[in-house]
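Note that ligands are numbered from 1 as they come in the structure, with each ligand's atoms numbered from 1 the same way. Heavy atoms only: backbone and side chains are in, while hydrogens, waters and symmetry mates are out.
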Amino acid sequence: MNTPRLVTTAAELRSATEELLQKAAAADPARRPSLALVPTMGALHEGHAALMAAARAENDVVTASVFVNPLQFDDPADLERYPRTLDADLELLGRAGVDLVFAPAEEEVYPGGAPLVRLSAGTMGTRWEGASRPGHFDGVLTVVGKLFHYAAPPVPARFRAYFGQKDAQQVALIRRMVADLNFPVEITAVPIVRAADGLAESSRNRFLDAGQRQAALILSTALRQLRERAAAGQPLDLAAAVELIRSQPGVDLDYFEVVDPRTLEPLETSAPLEGEALALLAARVGPVRLIDNEVLR
Ligand SMILES: Nc1ncnc2c1ncn2[C@@H]1O[C@H](COP(=O)(O)OP(=O)(O)OP(=O)(O)O)[C@@H](O)[C@H]1O
Ligand SMILES: CC(C)(CO)[C@@H](O)C(=O)[O-]
Ligand code: BAL
């Protein structure tokens with residue numbers, strides 16, 4: 001197992017990145033080396049491991065960040081209880097072959113406290129997840145923009161960043177941010193990793209008891225049924241899928257829509273789908289808000 005190097009300041013990250021990229025460039029001078037950033041909030045699981053594996057397979061140098069970003073939490077209780085498991089995270093990152101782990105303290109990222117100037121996710125950030133978590137995506141984009149600056153290659157190199165498709169709205173917004181603000185980074189979205197029972201892996205799943213977890217499986221079941229109908233070219237019958245979830249005791253559905261994966265605008269579902277389509281949902285189960293989605297085509 002490789003032991004990743006843990007760095008906590010911007011200066012350390014920059015010099016360690018430079019050293020590793022120069023080594024990669026010297027090993028193969030004919031090719032520009034590549035650097036991957038995988039941003040996380042820690043409490044790592046198999047979903048994160050898939051992001052690390054994709055980044056490892058495609059790049060010379062892999063940096064993971066572990067930072068629980070207070071700016072994206074609108075609920076102080078949610079921030080307070082967010083799991084923090086750095087020792088176990090470092091083990092997983094070592095097994096995944098990550099080179100550098102950037103785990104800054106809050107004062108490193110927000111030296112004067114919460115920043116006055118922030119990125120705005122615009123109207124795309126106020127619907128779906130944004131409707132229940134006001135300011136969430138402004139906080140996400142602000143920290144991701146900062147992480148891109150911290151981690152950017154200090155010597156000529158390709159720069160790629162990896163995000164999970166589980167957070168589909170986040171991926172769509174980060175792609176828009178990169179396009180709208182010309183961040184020199186290529187974005188890769190990694191497919192959702194599910195547990196054997198079908199539940200999408202999430203750090204917050206640990207707060208579900210056995211009964212709640214069983215009830216939550218209705219979410220992936222409903223999504224799978226929609227995907228099967230889409231694959232068969234049948235009309236989706238979104239209303240039946242919504243009803244299936246609403247009939248499950250203990251599951252409080254927030255939204256369930258079929259949207260354009262880039263704009264997140266709802267699509268017409270009464271006729272067979274023609275372009276790209278994504279089924280997107282969120283529900284509260286016991287103490288946890290769960291999100292999930294399925295690429296329909
Ligand atoms: N099951 C999963 N499959 C693929 N990617 C995932 C999965 N879970 C998380 N990710 C991705 O890992 C990155 C870091 O996510 P984060 O640290 O917030 O973990 P999380 O498990 O999504 O946490 P939570 O669900 O509690 O918000 C994000 O890009 C996220 O989309
Ligand atoms: C991208 C991210 C690490 C920014 O804090 C977070 O939103 C997450 O873990 O998905
Ligand atoms: N994966 C999204 C991070 C959050 O829930 O704040």
Side-chain angles (χ1 to χ4, degrees), residues 36-55 63-86 88-89 92-93 96 98 101-104 106 109-110 118-119 121 125 128-130 132-148 150-151 160-175 177-178 185 187-208 216 219-220 223 282-283 285 287-295:
L37 170 68
V38 189
T40 81
M41 300 207 303
L44 303 181
H45 50 64
E46 288 307 308
H48 300 107
L51 267 57
M52 305 302 158
T63 299
S65 63
V66 175
F67 179 64
V68 181
N69 173 36
L71 225 56
Q72 69 190 69
F73 287 81
D74 59 300
D75 174 2
D78 192 25
L79 172 60
E80 175 78 17
R81 71 167 183 182
Y82 200 86
R84 289 156 173 91
T85 60
L86 187 60
D89 293 347
L92 182 145
L93 295 170
V98 165
V101 179
F102 180 48
E106 207 174 308
V109 180
Y110 301 119
R118 305 170 185 210
L119 293 183
W128 314 129
E129 281 310 281
S132 316
R133 302 178 67 183
H136 169 66
F137 287 112
D138 296 352
V140 168
L141 295 187
T142 301
V143 83
V144 169
K146 285 173 72 86
L147 289 168
F148 286 164
Y150 286 122
R160 302 189 177 109
Y162 292 75
F163 295 89
Q165 176 62 30
K166 197 201 81 183
D167 293 270
Q169 188 170 6
Q170 174 169 281
V171 169
L173 277 163
I174 290 169
R175 287 192 193 284
M177 173 180 88
V178 165
V185 57
I187 304 299
T188 294
V190 176
I192 298 182
V193 175
R194 298 180 181 282
D197 60 9
L199 188 66
E201 295 281 7
S202 160
S203 315
R204 292 180 174 100
N205 290 350
R206 69 190 67 195
F207 300 128
L208 297 170
L219 304 177
S220 50
L223 285 167
V285 183
V288 185
R289 181 184 171 79
L290 295 172
I291 57 172
D292 200 349
N293 66 85
E294 239 346 304
V295 176

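Taking 4.5 Å as the limit, some side-chain heavy atom of D78 sits within range of a side-chain heavy atom of R133.
Of all atoms in ligand 1, listed by their number and element, those nearer than 4.0 Å to a heavy atom of D167 are 22 (O), 30 (C), 31 (O). Atoms of ligand 1 lying under 4.0 Å from at least one heavy atom of R204, given by number and element, are 24 (P), 25 (O), 26 (O), 27 (O). Close approach of ligand 1 to P39 (heavy-atom distance below 4.0 Å) involves ligand atoms 13 (C), 14 (C). Atom numbering of ligand 1 starts at 1 in the shown order; those under 4.0 Å from a heavy atom of E201 are 1 (N), 2 (C), 7 (C), 8 (N). The atoms of ligand 2 that sit less than 4.0 Å from any heavy atom of T40 are 3 (C). Shown in contact with V143 at under 4.0 Å from a heavy atom are these atoms of ligand 2, numbered in order with element: 4 (C), 5 (O). Atom numbering of ligand 1 starts at 1 in the shown order; those under 4.0 Å from a heavy atom of L51 are 5 (N), 11 (C), 12 (O), 13 (C), 29 (O). Under a 4.0 Å criterion applied to the non-hydrogen atoms of Q72, ligand 2 contributes the atoms 4 (C), 5 (O), 6 (C), 7 (O). Here is the list of ligand 1 atoms found below 4.0 Å of a heavy atom in I192: 3 (N), 4 (C).
Residues of the protein with a heavy atom under 4.0 Å from ligand 3 are M41, Q72, R133, H136, D167, R204, listed by chain and number.
Residue P83 places no heavy atom under 4.0 Å from ligand 1. Between Y82 and ligand 1 there is a heavy-atom distance shorter than 4.0 Å. Using a 4.0 Å heavy-atom cutoff, R194 is absent from the residues neighbouring ligand 1.
Of the N or O atoms in Q170, one or more lie within a sub-3.5 Å distance of an N or O in ligand 2.
Annotation: atom 22 (O) of ligand 1 to nearest protein heavy atom, K166 NZ, 2.8 Å. The nearest heavy-atom contact from the protein to atom 20 (P) of ligand 1 is S203 OG, 3.5 Å. The single protein non-hydrogen atom nearest to atom 16 (P) of ligand 1 is H48 NE2, 3.4 Å, given as residue, atom name and distance. If you check which protein heavy atom lies closest to atom 4 (C) of ligand 1, you get P191 O, 3.6 Å.
Scanning for side-chain contact (heavy atoms from CB on, under 4.5 Å) contacts around L92 gives L44, A49, R95, with sequence neighbours left out.
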**OP:** For S220 and R194, run side chain to side chain donor-acceptor pair (under 3.5 Å): C-alpha distance rounded to whole Å, both residues' side-chain angles, the deciding distance at 0.1 Å, then the answer.
**Re:** CA-CA 9 Å; S220 50; R194 298 180 181 282; 4.6 Å; no
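Between the T142 side chain and the L119 main chain, a donor and an acceptor come within less than 3.5 Å of each other.
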